[in-house]
S.K.: 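Quick one: this structure, given as structure tokens, is what I'll be asking you about.
Order of the sequence lines fixes the chain letters, A, B, ..., with proteins taken first and strands second; residue numbering starts at 1 for each chain. Atoms considered below: every heavy atom in the structure, side chains included; atoms not considered: hydrogens, waters and symmetry mates.
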Amino acid sequence: MAESHEKFYITTAIDYANGDPHFGHALEKIGADAIARFHRQLGRSVHFLIGMDEHGQKVAQTAAAQNVDPQAFVDAVAARFRGTWDRLSISYDQFIRTTDGAHKSGVRALIKRIHESSPDNFYEKTYEGWYCVGCELFKRDDEIVDGKCVLHPTRELQWTQERNWFFRLTKYQPFLERLLAERPDFIQPESRRNEILGLLAQGLEDISITRSKLAWAIPFPIASASGEQQGTWVWFDALPNYLTATGYPGKEWRNRWPAQLHIVGKDITRLHCVIWPAMLQAAELPLPERVWAHGFISFGGERFSKSAGVKIDLDETISRFGPDAFRYFLLREIPFDGDGTFSLERFDAVYTSELANGLGNLASRVIAMVEKYCDGIVPNAAAHIDLDALDSADLTAARAAMDGSHGYLCHEALACVARLTERANLHIQQTQPWALAKDASNKAKLDETLAVLIRSLARQAAYLAPFMPGKAQALWSQLGAPGTASEAMFATVEQLSATGWHVNKEGGLFPRPEQPPKAG
RNA sequence: GGCAGGGUAGCUCAGCUGGUUAGAGCACGGCACUCAUAAUGCCGGGGUCGCGGGUUCGAGUCCCGCCCCUGCUACCA
């Protein structure tokens, strides 16, 4: 594995400040955090950006409904989000908010640059059409069936008109087609890329990028013919956060831009794969290298929604087994390239079988044997055996799952690490250290067995660190390993020798639930 | 409506260009072991591979029709 110090600028979608963080937000941040941490341990120079999207009509309305100033409202929401991210150990390097002064001036600078590079990029037009109150959108003819919006067939459409600034998106259609053709990895996974290809095949339309009655927004920086000052459409405000976070248009922005990876939800891929690249191209700025669209969590079945008033609360669920177990479950169970379901039964089952009975018990039995048979000091038996090589193959596969060559498949990487746990448990059964310990002539074999098991646990701790930073560190320190699990570079982990480490069993890593919670 | 993907053991899924008795994990039953968080290891029960036709020596795997599910169908975020 080639160690690389290249920069890795990774972003997540900024969250809309119109409510509290929920499972969907958490899945994205946890996944992005695992990717960021994994790449740090690959030796990359990572910068991990998250933040809040705080403008728009809905924010203003919600604030008004609560009788608070919009800024005070979003300040409070942002504080709650940060609280959740801190609790979940999201290792972000920067937290941007679209109400930050630097962001607002950065967006205005970007819009002016788009305008200056070609005034033709923007134009004013009176738009009129059928407006669906349900969607809060103007609908195109092909979205109207029998005079009703296909998505809200029970609502009446309203004929509305408004004069707005438009962005000439159509001008960039050939550019976008070339982009997707020349850089097949620009959008991953492939199913999302195909959707964008389908969209391009339909043909793009220019988009309106200002709103006349939008006060809680960045004022659009170009003077209109009528002199009316309009608010910038939220996405034209939000998308540039990835760029303004680098300091744009100050001098230093080129040190970080372009981003290596945008992590977004599958519902906003087109904003990131069509509009954002077109904006950057219009501004003659470099494009991000890749957009990864993850899937969603659903709560399968009616079990919970039906049982009156019972709803799955994020904070309570995190508290069930702690933040690390929660992270593990989401990343292990929900394929990061598709959708998955969350249920408490499944959470309990995975926690018990994989974390408590699997990894937790493995650590417990191995450490106990080193204490009992070797006075707590890992014996000198550095020779690597088959088990080391087999582990190594799985860890190579784990890196392949996370390095972007096939996407960012956290669930696959965790499946690889889980194989180390199973292998170590099987190895104990086969070598039976307790039997070896009864006869001093077996000392060498006993030492070799315990040493390789500690090495395996150390590898597991290092590779689990991106996914469960807290528990990985707890295991790392129980093994008596030097430094921290999160700072253990993958390139060196497989060469490590645990000889001389002082193990210390400080209680169970993943205690079994007192009584198996029966949901339902 | 259009486009795309999917329907395989109780649950979550794997099954590449068609070929021996359809696989894994979890759950369930039995056995072994005792270092360990009554954990671990081994063995086992369990499937008309959505439905109906067709091609073929042979189809979960190809073709046609039907049923069902999911996603996308851009200026709410």
S.K.: Choosing from B:C26, B:C42, B:C35, which nucleotide comes nearest the side chain of A:A349?
M.R.: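 For A:A349, the side-chain atoms sit closest to B:C26.
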
S.K.: Is A:R97 paired with A:D75 through a side-chain N to carboxylate O contact shorter than 4.0 Å?
M.R.: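 A salt bridge is present here (some side-chain N lies under 4.0 Å from a carboxylate O).
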
S.K.: Please determine, by modelled atom types, if A:E333 and A:Y328 share a side-chain donor-acceptor pair under 3.5 angstrom.
M.R.: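 A:Y328 and A:E333 do not have a side-chain donor-acceptor pair below 3.5 Å.
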
S.K.: Looking only at the aromatic ring of each residue, does the gap between the centers of A:F321 and A:F510 stay below 6.0 angstrom?
M.R.: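 Judged by ring-centre distance (under 6.0 Å), A:F510 and A:F321 do not meet the cut-off.
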
S.K.: Any base atoms under 4.0 Å from A:N18, or only sugar-phosphate, or nothing? Heavy atoms, all strands.
M.R.: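 No contact at all - A:N18 keeps every heavy atom at 4.0 Å or more from the nucleic acid.
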
S.K.: With no hydrogens and no angle check, do the side chains of A:S191 and A:E195 hold a donor and an acceptor under 3.5 Å apart?
M.R.: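 No pair is found: no donor N or O on one side chain lies under 3.5 Å from an acceptor on the other.
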
S.K.: I want to verify a distance call: between B:G71, B:C26, B:A36, whose nearest atom is closest to the A:S353 side chain?
M.R.: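 In terms of side-chain proximity for A:S353, the closest of B:G71, B:C26, B:A36 is B:C26.
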
S.K.: If you only use heavy atoms from C-beta on, which nucleotide in B:A36, B:C35, B:A77 is closest to the side chain of A:I268?
M.R.: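 Out of B:A36, B:C35, B:A77, the nucleotide with an atom closest to A:I268's side chain is B:A77.
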
S.K.: Answer yes when A:K445 and A:E448 have at least one side-chain N-carboxylate O distance shorter than 4.0 Å, and no when they do not.
M.R.: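 Yes.
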
S.K.: What contact category does A:N425 fall into here, base, sugar-phosphate, or nothing, at under 4.0 angstrom with non-hydrogen atoms?
M.R.: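 Sugar-phosphate contact only - A:N425 comes under 4.0 Å of backbone atoms but never of a base.
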
S.K.: Please work out if A:F236 contacts a base, only the sugar-phosphate, or nothing of the nucleic acid, heavy-atom cut-off 4.0 Å.
M.R.: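 Result for A:F236 = nothing.
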
S.K.: Can you identify which nucleotide, out of B:A39, B:A77, B:C26, has its nearest atom closest to the A:N361 side chain?
M.R.: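 Nucleotide nearest to A:N361's side chain: B:A39.
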
S.K.: Compare the minimum distances between each of B:G71, B:U40, B:U37 and the side chain of A:R192, then state the nucleotide with the smallest one.
M.R.: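 Of the candidates, B:G71 comes closest.
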
S.K.: Students often get this wrong, so: under 4.0 angstrom with heavy atoms, is A:S191 touching a base, only sugar-phosphate, or nothing?
M.R.: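 Here A:S191 touches no strand at all.
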
S.K.: Looking only at side-chain atoms of A:E195, point me to the closest of B:G71, B:A74, B:A77.
M.R.: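 Shortest atom-to-atom distance from the side chain points to B:G71.
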
S.K.: Need one value for A:L204: base, sugar-phosphate or nothing, where a base atom within 4.0 Å counts as base even if backbone is also close, heavy atoms only.
M.R.: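 Counting heavy atoms under 4.0 Å across all strands, the contact made by A:L204 includes a base.
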
S.K.: Under 3.5 Å between N/O atoms: give me all the protein pairs with nucleotides 6-13 of chain B, atom names plus distance.
M.R.:
none

S.K.: For the residue pair A:N121 / A:Y172, report whether a side-chain donor-acceptor contact shorter than 3.5 Å exists.
M.R.: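 Their side chains do contain a donor-acceptor pair, which is all the 3.5 Å distance test asks for.
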
S.K.: Side chain of A:E205: nearest nucleotide among B:U37, B:A74, B:U40?
M.R.: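 Looking only at heavy atoms from C-beta outward on A:E205, the closest nucleotide is B:A74.
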
S.K.: May I ask you to check whether A:S212 and A:Q230 show a side-chain donor-acceptor distance below 3.5 Å?
M.R.: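 Distance-only check fails for A:S212 and A:Q230.
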
S.K.: Which one, B:A77, B:A74, B:C35, comes nearest to the side chain of A:L199?
M.R.: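 Within the option list, the nearest is B:A74.
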
S.K.: Which nucleotide, B:A36, B:A77, B:G41, lies nearest any side-chain atom of A:A368?
M.R.: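 When the side chain of A:A368 is considered, B:A36 is the closest of B:A36, B:A77, B:G41.
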
S.K.: More 5' along RNA chain B: A:Q429 or A:D15, using each one's nearest nucleotide?
M.R.: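 It is A:Q429 whose nearest nucleotide is closer to the 5' end.
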
S.K.: Given B:A77, is OP1 or OP2 found less than 4.0 Å from the side-chain N or O atoms of A:W233?
M.R.: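 So the side-chain polar atoms of A:W233 do come within 4.0 Å of the phosphate oxygens OP1 or OP2 of B:A77, strictly under.
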
S.K.: Ring-plane angle category for A:H272 and A:Y242, please: parallel below 30°, perpendicular beyond 60°, tilted otherwise.
M.R.: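 Judged by the thresholds at 30° and 60°, the geometry between A:H272 and A:Y242 is tilted.
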
S.K.: Determine: side-chain N/O of A:K505 to OP1/OP2 of B:A36, distance under 4.0 Å, yes or no.
M.R.: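 It does not, given that no N or O in the side chain of A:K505 lies less than 4.0 Å from OP1 or OP2 of B:A36.
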
S.K.: If you look at every strand shown and take non-hydrogen atoms under 4.0 Å, does A:G56 touch a base, only sugar-phosphate, or nothing?
M.R.: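 Result for A:G56 = nothing.
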
S.K.: Side chain of A:R512, heavy atoms from C-beta onward: which of B:G41, B:A39, B:C35 has the nearest atom to it?
M.R.: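 Closest nucleotide among those given: B:A39.
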
S.K.: Assess, by modelled atom type and distance only, whether the side chains of A:K505 and A:S364 contain a donor and an acceptor separated by less than 3.5 Å.
M.R.: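 Side chains of A:K505 and A:S364: pair found under 3.5 Å.
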
S.K.: Given the rule that a pair is Watson-Crick or G-U wobble with both distances under 3.5 Å, how would you write RNA chain B in dot-bracket, using | for pairs to a different strand?
M.R.: (((((((..((((.....[...)))).(((((.......))))).....(((((..]....))))))))))))....

S.K.: At under 4.0 Å between heavy atoms, what does A:L362 touch on the DNA or RNA strands: base, sugar-phosphate, or nothing?
M.R.: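 Touches nothing.
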
S.K.: Please check if any side-chain donor atom of A:T62 sits under 3.5 Å from a side-chain acceptor atom of A:N18, or the reverse.
M.R.: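 Checked: A:T62/A:N18 side chains pair up, N/O donor to acceptor below 3.5 Å.
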
S.K.: Between A:N425 and A:Q429, is there a side-chain donor-acceptor contact under 3.5 Å, judged purely by atom types and distance?
M.R.: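 No donor-acceptor contact under 3.5 Å links the two side chains.
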
S.K.: Want to settle it: does A:H55 or A:N194 sit nearer the 5' end of RNA chain B, counting the closest nucleotide to each?
M.R.: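 The residue closer to the strand's 5' end, by nearest nucleotide, is A:N194.
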
